[in-house]
Amino acid sequence: MDTEGTHDAPHTASPSPHGAHRAEPTVPRPAAPAAPPTIPPPPTAPPAAGPVAGRHESAEPPVLRWLRTPRPAAAPGIWTYGHRPKAAVDPERAPLRQLISGAVISFLCGWLLWSLLWNNYLGSYWLWPLLLFTPDSWRTAGGNTVAFAWATYLYYGLFAALMVFVFGRLGRWRELARRLGGPLVARLRERVPATVPEPAADRAQWPELRAAGAPDAADKLAAEARAGRMNDVDVARIERAWLSVRSGTHSLASFTDTVLRHGAAACAHPSGRRDLPGRTAHHDLIAHQVRIGVAPDHPRNPPQHRGAGLALEPRLLGTSLLAVGPSGSGKTSRVLKPVVESMCLQALAGQCAVVAVGPAGADLGPDDAFDVVVRIGRTGQDSDLDLYGGTTDPDEAAGILAEALVGDLPDHQRRGATALGQLLGPFRAAHDRFPSVPELRELLDGAPEPTAALRAALERAGAASLLRELDARTRQSERAGDVGMLLADRIALLDRPAFAGFFDPTGRTRQVSLRAVDHPLRVRIELPERGHAEASGILARLILAQFTECAVARTDRSLFACLVLDEAAPALTTEALRGLQRLRSANAGVVLTLRALDDVPEGLRSALLGAVGCRMAFAGVTTWDGARFAEVWGKEWVETRDVTDRQIIADSAAGKAFHMFRQLVTGKAATAKAITVRTVERERWSASDLANAVPPGHAVLSVTSVRGEHAPPVLVDLRD
């Protein structure tokens with residue numbers, strides 16, 4: 001903000017009075033106006049909340065200040081904690097420098113006119129109203145000089161006020177005072193110690209519990225917060241438990257008893273954890289947000305976003321997020337890791353279930369931040385991945401497994417699901433479980449001994465219908481081009497010595513099933529990318545297929561289910577994109593990252609951008625990828641100005657001579673500028689801008705909520 005001040009020259013007044021009669025009394029001159037104070041620049045960031053009145057700042061626990069900080073309503077994607085909405089910008093608003101210069105010029109003109117009148121350089125006509133409305137006896141010797149002195153003072157004041165009004169309107173002093181004084185008043189208000197809110201409006205006093213008839217529990221929790229024994233996870237977790245009481249799932253008596261016995265530790269997560277071992281991002285568990293950056297003051301950014309923090313939350317991630325950028329652009333460290341951390345915190349609060357999947361070495365958080373860590377392909381692991389997603393339905397298991405094995409070949413997926421169903425159903429009926437990877441490979445290869453043993457088991461069980469399924473599979477395996485050979489080749493990628501101890505359905509290992517996303521579970525899965533790239537792609541498709549199927553099939557959708565998939569190119573298939581679109585109504589979402597859209601098949605690129613509601617393009621994307629984003633973000637109406645120079649042709653001889661002399665001196669012909677103002681459609685972010693104008697450490701983000709609210713693409717500084 002411009003902070004230029006004005007310095008007034010000292011006012012010099014004549015020592016002798018002036019008037020129409022020589023017997024006028026000497027009248028004191030009005031004092032010169034004092035110079036206006038210099039306005040300090042406004043702060044670049046909102047200061048921390050002040051201390052509560054009557055209490056030392058260090059004595060107030062941070063959780064109380066966090067609870068009492070306002071969170072005004074804002075556009076989707078704006079960090080609402082302590083957010084100050086900006087006033088609507090008037091397109092006809094004059095620049096601040098123009099206001100200051102106009103105010104200074106009008107002040108100097110008014111001062112000059114007052115000085116000329118005061119020193120009688122312009123005559124005494126401006127005193128005629130005073131002489132007209134006052135008796136002549138007041139101005140004669142021995143008259144009422146005191147009354148005339150008071151009348152003169154009053155007249156000077158009214159005349160000065162009239163001049164201030166006229167020149168103030170000309171110089172727009174009122175608007176300048178509002179523009180400069182508004183930030184100053186806001187800063188002064190921030191320095192005033194905040195008062196403690198009324199109990200009915202103070203979140204730290206738990207007014208909802210008091211209104212519902214649980215004052216004892218509210219007093220207990222308020223005392224825990226004042227004593228510093230409560231954190232933000234405790235607040236969010238207890239509020240989640242209170243919602244279950246309001247919905248009728250749990251009774252008020254049991255909730256009150258639990259709070260009175262355990263205090264801030266009531267309704268704890270099954271792991272017993274009340275916080276993560278460390279945080280790397282800013283979180284607000286009341287608004288369910290995680291801050292990922294700041295929108296800079298850029299011409300392409302909407303005015304209400306400039307200078308505001310940007311955040312992600314479940315109501316945005318419920319439409320799924322796609323982040324595209326080259327290696328080193330910050331996709332994992334500045335987006336995925338904060339999102340995973342936020343989901344883990346919300347899982348500790350009983351609000352979310354998160355599954356984070358990435359290649360070995362991806363920094364998605366420490367092991368202590370998760371309940372289960374599955375490292376596929378590493379020896380000595382006590383956790384395993386359920387190959388069939390925890391289902392007992394052979395057809396469902398066959399569909400999920402076919403998506404994993406041949407989902408990248410759409411022409412073979414349907415036949416692959418049929419072939420797998422012809423084997424999984426009979427095997428489960430015979431052994432009360434699904435086959436392991438080596439057993440499934442042998443059956444798909446058509447080995448005679450495993451097939452004969454399965455047929456004998458079915459004959460003993462009297463499963464005639466399943467025998468027909470097995471016989472059909474046997475006949476089809478003898479045909480040329482049978483899909484069973486392709487399935488056997490793909491499943492062989494998982495039948496390697498590195499995976500010998502994994503995918504065991506016999507119950508000897510602790511298997512992780514994505515059916516558990518209806519519980520506040522925190523899971524991290526590391527894929528064996530190095531040396532097993534094809535197997536890693538199969539597992540990525542398997543996890544994504546299991547997640548979409550299990551999230552949609554949940555009966556209790558009160559928990560937000562989130563899958564974070566780093567380097568998701570192998571997992572994206574036609575069926576996977578259909579599953580992404582079904583997640584919006586299931587209170588679930590997926591966060592995907594890609595190095596480039598070229599990693600996805602050509603036919604899926606536009607469908608992928610259309611299937612997700614939140615899109616993020618990082619610095620360094622190619623113009624080909626930028627063209628896809630520019631197309632999906634569309635265009636906007638903008639006002640453009642075209643300036644053209646038109647040569648002036650003189651008609652008279654004198655004009656021609658003047659133009660010739662001007663051209664001789666300046667070397668340029670006499671021209672006149674013509675300005676054309678038009679309203680045209682322009683791409684919000686063009687492919688060239690995305691490829692060349694996004695600075696390092698920045699990204700362009702557009703978000704859409706599950707209710708259809710959306711925000712235009714915004715440039716985000718991820719380093720702040």
task: Measure from the side-chain N and O atoms of Glu341 to the backbone N and O of His282, and report whether any donor-acceptor pair falls under 3.5 Å.
output: no
message: Would Arg554 and Asn587 count as a side-chain contact (heavy atoms from CB on, under 4.5 Å) here? Give the steps.
response: CA-CA 10 Å; Arg554 292 182 301 168; Asn587 195 22; 4.1 Å; yes
field: Arg515/Asp386 salt bridge by N-O under 4.0 Å criterion
entry: no
Thr332 side chain reached by Leu364 side chain, heavy atoms, under 4.5 Å: yes
query: Can you check whether Pro326's main-chain N or O pairs, donor with acceptor, with Ser329's side chain at less than 3.5 Å?
result: yes
- request: Walk me through it: do Arg605 and Glu631 pass the test salt bridge (charged side-chain N to carboxylate O under 4.0 Å, His left out)?
  value: CA-CA 12 Å; Arg605 295 171 190 172; Glu631 181 181 2; over 6 Å; no
query: Counting only heavy atoms not in Arg707, do more than 12 fall under 6.0 Å of its CZ?
result: no
statement: Result for side-chain hydrogen bond (donor to acceptor under 3.5 Å, both in side chains) between Trp66 and one of Asp284, Asp232, Asn231 points to Asp284
task: For His269, look at atom NE2 and say whether over 12 heavy atoms of other residues, nucleotides or ligands are found less than 6.0 Å away.
output: yes
- prompt: So do Leu276 and Cys344 actually touch side chain to side chain, heavy atoms under 4.5 Å?
  reply: yes
- prompt: Do other residues, nucleotides or ligands put more than 12 heavy atoms under 6.0 Å from Arg595 CZ?
  reply: no
- prompt: Heavy atoms, side chains only, cut-off 4.5 Å: are Arg334 and Arg719 in contact?
  reply: yes
field: Value rounded to 0.5 Å, distance of CD1 in Ile538 from CD1 in Ile543
entry: 12.0 Å
- prompt: Do His288 and Phe560 have ring centroids that are under 6.0 Å from one another?
  reply: no
- prompt: If you measure from the Lys or Arg side-chain nitrogens to the Asp or Glu carboxylate oxygens, is any gap between Glu239 and Arg203 under 4.0 Å?
  reply: yes
- prompt: Is the backbone of Arg65 close enough, under 3.5 Å, to the side chain of Thr69 for a donor and an acceptor to pair up by distance?
  reply: yes
field: Flag, side chain of Glu549 to backbone of Gly389, donor-acceptor distance under 3.5 Å
entry: no
message: Are His298 and Trp685 an aromatic pair, judged by ring center distance below 6.0 Å?
response: yes
message: Donor-acceptor pair, distance only, cut-off 3.5 Å: does the side chain of Arg300 make one with the backbone of Arg684?
response: yes
- prompt: Do Arg375 and Arg524 come close enough that some side-chain heavy atom pair is under 4.5 Å?
  reply: yes
message: Just so I know, are the side chains of Phe499 and Pro528 near enough to count as touching, which here means a heavy-atom distance under 4.5 Å?
response: yes
- prompt: Quick one: are Leu539 and Leu494 in side-chain contact, heavy atoms under 4.5 Å?
  reply: yes
- prompt: Taking Asn301 for the side chain and Pro296 for the main chain, is one N or O donor matched with an acceptor at less than 3.5 Å?
  reply: yes
- request: Taking atom CZ of Arg496 as the centre, report whether more than 12 heavy atoms of other residues, nucleotides or ligands fall under 6.0 Å from it.
  value: no
field: Side-chain donor or acceptor of Thr319 paired with backbone N/O of Val612 under 3.5 Å
entry: no
message: Rounded to the nearest 0.5 Å, what separates atom CG in Leu592 from atom SG in Cys614?
response: 11.5 Å
field: Check: Gln351 and Pro520 side chains under 4.5 Å, non-hydrogen atoms
entry: no
query: Any donor and acceptor pair, going by atom type alone, linking the side chain of Thr548 with main-chain N or O of Leu544 inside 3.5 Å?
result: yes
- prompt: Asp566 versus Val564: any side-chain heavy-atom pair under 4.5 Å?
  reply: no
statement: Closest heavy-atom pair, Met343 versus Pro314, reported as atoms and distance to 0.1 Å, is CE-CG, 4.4 Å
Under 3.5 Å donor-acceptor, Asp384 side chain and Asp504 backbone: yes
field: More than 12 heavy atoms from other groups under 6.0 Å of CD on Glu709
entry: yes
query: Does Asp625 use its side chain to pair, donor to acceptor, with the backbone of Leu597 at less than 3.5 Å?
result: yes
Side-chain donor-acceptor pair present, Ser585, Arg557, cut-off under 3.5 Å: no
task: Grab the two heavy atoms, one from Ala281 and one from Arg291, that are nearest each other, plus how far apart they are.
output: CB-O, 4.3 Å
- prompt: Would Arg541 and Glu403 pass as an ion pair if we require N to O under 4.0 Å?
  reply: no
